[in-house]
Amino acid sequence: MPQSITAAQLKAIAGSGARADLVAAIVRGWPNAVVKAGLTTKLRAAHFLAQIMTETGGLSILEESGAYRAARIMEIFGVGKHSAAVTEAEAKRIAALPVAQRGPVLFNRVYGVGNPRKMREFGNTGPNDGWLYRGGGMMQATGKSNYAKMAKKTGLPLVEHPELLHQPDSAFMAAYLEWAQDGRCNTAADRDDVVEVRRIINGGRNGLAECRKYLAKAKQVLADYSAAAAVPFIAMDPAADQDAVAVEPQDDPAPAPNVQPLDPAVVGDPVLFDVQRRLKARRYSPGVIDGRWGSGTSGALSGFMNDRGLALALPNSVETFHDIADEVRGELDAAETEGWFRPVSEARAAADPKVVTQLAPEVVPAKRNYLTALWGSIVAGLGAVWDSVRGAISDAWNFFTDHRDVVDDHPGLMSTLWSHVVGMPSEIWWLLGAGGLAFIAYNSWRAIKTSTLSVQTGERQ
């Protein structure tokens, strides 16, 4: 098999939460990644993808949100954990802010002017630089200085427009160029040393357990990946037609492309949105999938945690959800790897009528509507047929039985039928009635099937 990647392979590695735009960007840019990052073996490709999956939460996010609870802030940036040395009182104050304000305040405190050490290290001297140059991209580059380095490598104006690193194509370009920067990643990947690769990319062991899982998936999915002849480099410009072939990026930065939303479907928290989609795929229905906390999400998450034996406190808001988000996503990874779905009883799986009626009582009137509409449609259809032909039959019978003397004066059977058809509207009403009843019957049948399936799979509790 040549050095190529398919959307199906990426989704198999990432899991059900993978965003289509991120998958498409990797497929488009993979030939470039092979050339620039030397991804010429299965081990290199697998380790590279494992790091991307870990940093993006299975291809679901491209930027740090900062929507953390106090406990999570202390765990990452607290005294003894990070140079920011955030105190417990600070963490509580920041966590009490609205979600929209929390990220900017937190990252300006830990990456920017609120933390002189990181401010100097990252060059985040502007009052809002900590937020603007927060972790972003498929390798989560952090800090203005690192955005500037990536700008030189990619030819994109990332300092002037840091939001570009949060866009799929430029994020993937930055990722494979980061991997290729000094050859250390490929050297470690050749040894199959996931700990060292993780240290090079992340600076430590954060996310190592999750990375190991993605690596195991990648090795399995890329079993037939093998070395092949190098392909020409294709310059990627997120603003241009992605099918076009251009020359290597020049020293002059390219014009800033029009920045689009990360995912138009996400109106709330992107991490919660990802978990909602993945719970739905495991047959735990959270209701509307919109990244917002509600009773449906609470019930779905509670059921999943109970069935999987996760001894975690059930959140009561999107803020408290972030305290356990990593554990929940890790367990979802495991469930997806196992091909595990919500367990159901034999009676449920067999669609026992008593169970279905008990859990989905709307099935009873739906069945009644279905049968009534179905038979009504049949009767109306037969009525339309009869109303259409009875006049012609009657005329034909009279013609042959009345022994009329002047046969030529009779308009004839076909003429009689035609005049009958164009002259009487009752058949139309019969047919419209039959069609309307048939539509009602069809929709009632679909409602029965949908409700029954939700009971069988366990989505309906």
Side-chain angles (χ1 to χ4, degrees), residues 55-57 60-137 139-148 150 158-167 171 202-204 206-207 259 261-263 266-275 290-293 313 315-326 329:
E55 294 296 320
T56 61
S60 64
I61 56 174
L62 279 183
E63 59 181 313
E64 288 184 282
S65 71
Y68 303 138
R69 290 286 293 171
R72 184 64 174 161
I73 294 174
M74 290 299 296
E75 181 183 347
I76 302 174
F77 304 110
V79 177
K81 301 286 188 179
H82 191 272
S83 62
V86 175
T87 65
E88 188 172 350
E90 282 185 292
K92 289 181 179 179
R93 178 179 60 80
I94 294 172
L97 295 171
V99 172
Q101 300 177 22
R102 197 176 312 164
V105 171
L106 174 62
F107 290 137
N108 286 325
R109 167 67 178 86
V110 301
Y111 294 150
V113 294
N115 181 4
R117 177 177 169 182
K118 286 296 180 184
M119 180 188 69
R120 290 190 296 270
E121 177 186 340
F122 290 147
N124 289 339
T125 55
N128 200 35
D129 282 357
W131 168 249
L132 292 176
Y133 303 104
R134 64 195 182 278
M139 288 292 187
Q140 290 290 293
T142 305
K144 189 175 184 178
S145 59
N146 289 319
Y147 274 61
M150 293 313 305
L158 299 178
V159 175
E160 297 81 1
H161 296 278
E163 68 275 10
L164 295 183
L165 199 54
H166 308 157
Q167 302 300 311
N202 183 259
N206 183 43
V259 179
L262 288 177
D263 188 337
V266 181
V267 295
D269 184 86
V271 177
L272 181 59
F273 181 87
D274 168 55
V275 169
D290 57 3
R292 291 172 173 165
W293 188 261
N316 56 18
S317 66
V318 69
E319 288 82 7
T320 53
F321 161 76
H322 275 278
D323 293 340
I324 66 167
D326 290 343
R329 294 171 86 178

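Bear in mind the structure is a predicted one, so any value in this text is a computation, not a measurement.
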Might you work through the side-chain contact (heavy atoms from CB on, under 4.5 Å) test for V110 and V86, ending with a clear yes or no?
-> CA-CA 8 Å; V110 301; V86 175; 3.9 Å; yes
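- Between the Y68 side chain and the G103 main chain, no donor and acceptor come within less than 3.5 Å of each other.
- Panel note: side chain E90, backbone T87; a donor-acceptor pair is recorded below 3.5 Å.
- R329 places a side-chain N or O within 3.5 Å of a backbone atom of G57 that can act as its donor or acceptor partner.
- In this structure, A171 and G137 approach most closely via the heavy-atom pair CB-CA, 3.9 Å.
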Check against side-chain contact (heavy atoms from CB on, under 4.5 Å), R72 and H322 = CA-CA 8 Å; R72 184 64 174 161; H322 275 278; 5.8 Å; no
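- Residues S83 and N115 are in side-chain contact: their nearest non-hydrogen atoms beyond the backbone lie under 4.5 Å apart.
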Evaluate side-chain contact (heavy atoms from CB on, under 4.5 Å) for V113 paired with N124, printing each intermediate quantity in order.
-> CA-CA 7 Å; V113 294; N124 289 339; over 6 Å; no
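- Contact between A70 and A95 at its shortest, heavy atoms only, is N-CB, 3.4 Å.
- Within a 6.0 Å sphere centred on CD of E88, other residues, nucleotides and ligands contribute 12 heavy atoms or fewer.
- Between G136 and L165, the shortest heavy-atom distance links the atoms O-CD2, 3.5 Å.
- Rounded to the nearest 0.5 angstrom, L132 CG and K144 NZ are separated by 9.0 Å.
- When all heavy atoms of L272 and W293 are compared, the pair lying nearest together is CD2-N, 3.6 Å.
- Of the candidates R117, K118, M74, K118 is the only one forming a side-chain contact (heavy atoms from CB on, under 4.5 Å) with H82.
- From E75, atom CD reaches atom CG of D323 across 9.0 Å, with rounding to the nearest 0.5 Å.
- Of the inter-residue distances, the one linking R102 atom CZ with I73 atom CD1 reads 7.0 Å to the nearest 0.5 angstrom.
- Using modelled atom types, no side-chain atom of D129 and backbone atom of G112 make a donor-acceptor pair closer than 3.5 Å.
- Here CD1 of I94 is found 12.0 Å from CD of Q101. Values are rounded to the nearest 0.5 Å.
- Note that the CZ atom of F321 and the CG atom of N316 stand 13.0 Å from one another [nearest 0.5 Å].
- Between F77 and Y111, the ring-plane angle classifies as perpendicular under the 30° and 60° cut-offs.
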Derivation and outcome, side-chain contact (heavy atoms from CB on, under 4.5 Å), residues V159 and Y133 | CA-CA 8 Å; V159 175; Y133 303 104; 3.8 Å; yes
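- Here the closest non-hydrogen pair linking I324 and A313 is CD1-O, 3.8 Å.
- Summarising the geometry, atom CG belonging to L62 is positioned 12.5 Å from atom CE belonging to M139; distances are rounded to the nearest 0.5 Å.
- The nearest pair of heavy atoms linking R134 to H166 is NH2-CE1, 3.8 Å.
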